[in-house]
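Remarks on the structure that follows.
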Amino acid sequence: MVRTQVLTIARDDHIGDTVGAIFLDLEGGEQEVARRVREYLGGKIHILKLELKRDRAIVEVQASPFRDEAARLGDAASDLARKGAPRNALAMFKQALELDPLSGRTLHEMGITLLELKRPAEALPILRRAREMLGDSVELLRTLARVCVAIERIPTAVGYLERALEMEPRNRMVRRELMALGRRPPPTPMPLPGSATVRRPRH
């Protein structure tokens, strides 16, 4: 049985580039939209279904048969980066993505490694691709914001942090980061009477 995966390409991540143009009235219509998305995703990714909405494109693709092997290789690369060998880790991340170009976790870890190597311009498209695979998380949005700050795209960084705050309105780190960029976040919402605070386990 063929395994599938659903990706979400956000319009705001592609303003001004060739993929962002799919949200306009392109000459060539649906065929041109499909061509641009295929070109963006790369020849190794087989598109099964494409749905274009106002602010995003939903793309169903065929998952890699080597997903498990790629995940193990990506985990080994992440461990190598944490142990102080980020350049060697990059080579392993690339090998993992050769096996499974849809691995959002590998893309996220690779983007973090590039940022730590002070290569934010390379990290940004990698992290945006990770967002397309994984969807939004506070951690990923904060990383995207750090990259945008490093390349002096402050309004874009603010946008990512505001999205993170929508997801976790009480997140103090996100609030501090927004204030550091000159944006005053809304007041912290009060917990509902009788509600208990649930702490998420650290992974």
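In this chain, numbering begins with 1 at the start of the sequence shown. Since this is a predicted model, take the numbers as computed values, not measurements.
- For Arg175 (side chain) and Pro169 (main-chain N/O), a donor-acceptor pair under 3.5 Å exists by modelled atom type.
- Leu124 and Cys148 get closest at one heavy-atom pair: CD1-SG, 4.1 Å.
- Exactly one residue among Arg54, Lys53, Lys49 makes a salt bridge (charged side-chain N to carboxylate O under 4.0 Å, His left out) with Glu51. That residue is Lys53.
- Electrostatic pairing of Arg36 and Glu32 counts as a salt bridge here, judged by a charged N lying under 4.0 Å from a carboxylate O.
- Within 6.0 Å of atom CE in Met179, 12 or fewer heavy atoms from other residues, nucleotides or ligands are found, so the atom counts as exposed in its surroundings.
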Please step through salt bridge (charged side-chain N to carboxylate O under 4.0 Å, His left out) for the pair Arg146 and Glu177, ending with a clear verdict.
CA-CA 9 Å; Arg146 285 174 57 202; Glu177 289 162 356; over 6 Å; no

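- Within 6.0 Å of atom CD in Glu30, 12 or fewer heavy atoms from other residues, nucleotides or ligands are found, so the atom counts as exposed in its surroundings.
- Contact between Arg183 and Pro185 at its shortest, heavy atoms only, is O-CD, 3.3 Å.
- Within 6.0 Å of the CZ atom in Arg153, the count of heavy atoms belonging to other residues, nucleotides or ligands does not exceed 12.
- More than 12 heavy atoms of other residues, nucleotides or ligands shown are found within 6.0 angstrom of CZ on Arg142.
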Asp13 and Arg128: CA distance, side-chain angles, deciding distance, salt bridge (charged side-chain N to carboxylate O under 4.0 Å, His left out) verdict
CA-CA 7 Å; Asp13 280 346; Arg128 283 178 167 169; 3.7 Å; yes

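- Note on Val6: it does not cluster hydrophobically with Leu107, by side-chain heavy-atom contacts below 4.5 Å among ILVMFWY residues.
- Cluster membership for Ile126 and Leu73, using ILVMFWY side-chain heavy atoms within less than 4.5 angstrom, is not shared.
- Atom CE of Met92 sits about 9.0 Å away from atom CG of Asp79, to the nearest 0.5 Å.
- In this structure a side-chain-to-backbone donor-acceptor pair under 3.5 Å is present from Ser64 to Leu99.
- Nearest heavy-atom pair, Val147 versus Ala123, reported as atom, atom and distance to 0.1 Å: CG2-CB, 4.1 Å.
- To the nearest 0.5 angstrom, His108 atom NE2 is 10.0 Å from Ser78 atom OG.
- To the nearest 0.5 Å, the span separating OH on Tyr40 from CZ on Arg35 amounts to 15.0 Å.
- If you chain together hydrophobic residues whose side chains sit under 4.5 Å apart, Met133 and Phe66 never meet in one group.
- Both Met167 and Tyr160 belong to a common hydrophobic cluster when Ile, Leu, Val, Met, Phe, Trp and Tyr are linked at side-chain heavy-atom distances under 4.5 angstrom.
- We find that Arg163 and Glu166 are joined by a salt bridge, their nearest charged nitrogen and carboxylate oxygen being less than 4.0 Å apart.
- Side-chain atoms of Glu109 never come within 3.5 Å of backbone atoms of Asp75 as a donor-acceptor pair (strictly under, hydrogens ignored).
- Met110 and Leu41 fall within the same hydrophobic cluster, where Ile, Leu, Val, Met, Phe, Trp and Tyr residues are linked whenever their side-chain heavy atoms come under 4.5 Å apart, directly or through other members.
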